[in-house]
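Below is one structure, written out as structure tokens; comments come after it.
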Amino acid sequence: MKRKKLKNKVCWYMGVVVVGVLQQSCVDKFVPESLDAFDKDAGFTTTLYRPVLGRNNLISENFSPGNSTQPLTFSITRVVRKDGSEAPELTEEFPVRVWHTPYLGTETSLEEIEAKRGYENRSLLQVREHSGELILWANALSSFVKCAPDSGYVFDIRVTNSGGWKDYTGLRLIPYRERDYEPTNMDETTGIVTEDYVHPTSVSRMYKVGESSLFGLMDPEDINVFFRRDVENGSKEYTLTFRFMTKDYQPISPRKFSGTDWGHLVHGFDMEMTDEYVRYKVAYPIPLNDIPTEYTNKDGDKAHVVFRYDRLMNGTQRVASSMSFDFSIYKEGHWEIIFVFSGGDPEFRDNY
């Protein structure tokens with residue numbers, strides 16, 4: 001009798017254990033996975049985009065995730081022209097040039113630069129998958145992409161994570177027409193150039209010929225800077241040339257700017273200097289990427305060149321003179337930047 005009771009008791013305990021295991025496995029199976037948080041107040045801080053055609057545009061810090069769990073996933077779900085018609089110019093894929101290895105500004109040859117980038121087929125308007133940053137590639141040109149004063153495009157973006165999703169509709173894209181170089185006096189809407197020259201970024205202690213007083217000091221408005229593209233040069237080894245001219249358009253030898261660090265003026269190669277110009281083989285655009293390097297301004301969005309020389313004044317006073325110019329060029333080719341001293345020629349001689 002006791003043996004039977006003991007046996008029943010053991011069976012009861014075993015049953016409890018089996019049921020407990022089964023219950024535990026069922027609970028584990030049906031407990032829902034934890035979901036990400038999707039903040040209903042997350043949204044785009046920029047809804048109207050005005051990039052410039054003809055250059056790579058990366059528009060950052062345009063989305064606020066609020067308290068959403070990251071990473072979020074972004075995708076463009078619709079792109080149409082303002083009138084509702086299709087926009088294949090922005091949705092179809094084109095070969096665009098992308099960096100496969102980061103550009104650093106320390107590359108020692110054109111071959112090294114070109115080995116870091118190549119072509120991939122992309123749609124010209126993209127959103128980065130996990131940041132929401134908007135990209136309009138340099139291939140987008142006003143010859144086939146609508147730009148101001150046209151009403152442009154409307155597009156929608158879907159943002160998701162495992163906790164939810166939201167469609168952001170009615171975002172606007174109204175690009176400005178391309179500007180091949182900066183700075184420029186071209187109207188961003190009409191494309192009309194009001195003046196075909198600009199001025200240097202700064203001028204320091206440069207005197208006009210025969211002048212030694214403060215009234216003879218040059219300022220940027222005394223110097224006109226012209227951009228010229230040699231469309232007849234068919235070579236694919238693109239170049240950048242600097243020229244200097246008197247107010248009467250006579251050449252000034254670059255050698256007059258004897259304090260210039262010609263070897264590190266621009267990120268270019270195979271420098272050629274004559275009494276009329278200095279020329280480099282370069283890769284475009286200039287600068288190649290929006291990062292600060294020894295060849296750019298502090299923001300990295302423009303090349304920074306400085307032309308220097310020094311001379312004696314008043315017998316023993318050595319004066320360091322310089323002219324700087326910050327610029328960018330977006331269109332490939334053979335470009336010349338010409339400095340014309342329209343307000344008076346610079347004095348290079350000692351004690352004049």
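- For the side-chain hydrogen bond (donor to acceptor under 3.5 Å, both in side chains) with His334, the qualifying choice from Thr239, Thr241, Asp230 is Thr239, the only one to do so.
- Looking only at atom types and distance, the side chain of Asp248 has no donor-acceptor partner in the side chain of Thr246 under 3.5 Å away.
- At a threshold of 4.5 Å between side-chain heavy atoms, the hydrophobic network of Ile, Leu, Val, Met, Phe, Trp and Tyr places Tyr168 and Ile135 in one connected group.
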Scan the side chains in residues 54-64 for donor-acceptor partners under 3.5 Å anywhere in the protein, sequence neighbours excluded, and list what turns up.
unit_1 : atom_1 : unit_2 : atom_2 : d
Arg55  : NH1    : Tyr330 : OH     : 3.4
Arg55  : NH2    : Arg179 : O      : 3.1
Arg55  : NH2    : Glu182 : OE2    : 3.2
Asn56  : OD1    : Ala138 : N      : 2.8
Asn57  : OD1    : Val52  : N      : 3.3
Asn57  : ND2    : Val52  : O      : 2.8
Asn57  : ND2    : Arg55  : O      : 2.8
Ser60  : OG     : Glu133 : OE2    : 2.8
Asn62  : ND2    : Tyr49  : OH     : 3.0
Asn62  : ND2    : Gly132 : O      : 3.0

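- Using a 4.5 Å heavy-atom threshold, the side chains of Phe327 and Ile337 count as touching.
- Annotation: salt bridge (Lys or Arg N to Asp or Glu O under 4.0 Å) contacts of Glu276 (sequence neighbours excluded): none.
- Under the ring pair (Phe, Tyr, Trp, His ring centres under 6.0 Å) criterion, Phe242 pairs with Phe307, sequence neighbours left out.
- Panel note: side chain Tyr277, backbone Pro251; no donor-acceptor pair is recorded below 3.5 Å.
- Hydrophobic clustering (ILVMFWY, side-chain heavy atoms < 4.5 Å, transitive): Val305 and Phe341 are in one cluster.
- Met186 and Ile286 fall into different hydrophobic clusters, defined by Ile, Leu, Val, Met, Phe, Trp and Tyr side-chain heavy atoms under 4.5 Å apart, directly or through other members.
- In terms of modelled atom types and a separation under 3.5 Å, the side chain of Asn161 and the main chain of Trp165 share no donor-acceptor contact.
- Ion pairing between a basic and an acidic side chain is recognised when a charged N comes within 4.0 Å of a carboxylate O; Asp345 and Lys208 show no such pairing.
- Classification of Arg308 and Asp261 as a salt-bridged pair fails, no side-chain N sitting under 4.0 Å from a carboxylate O.
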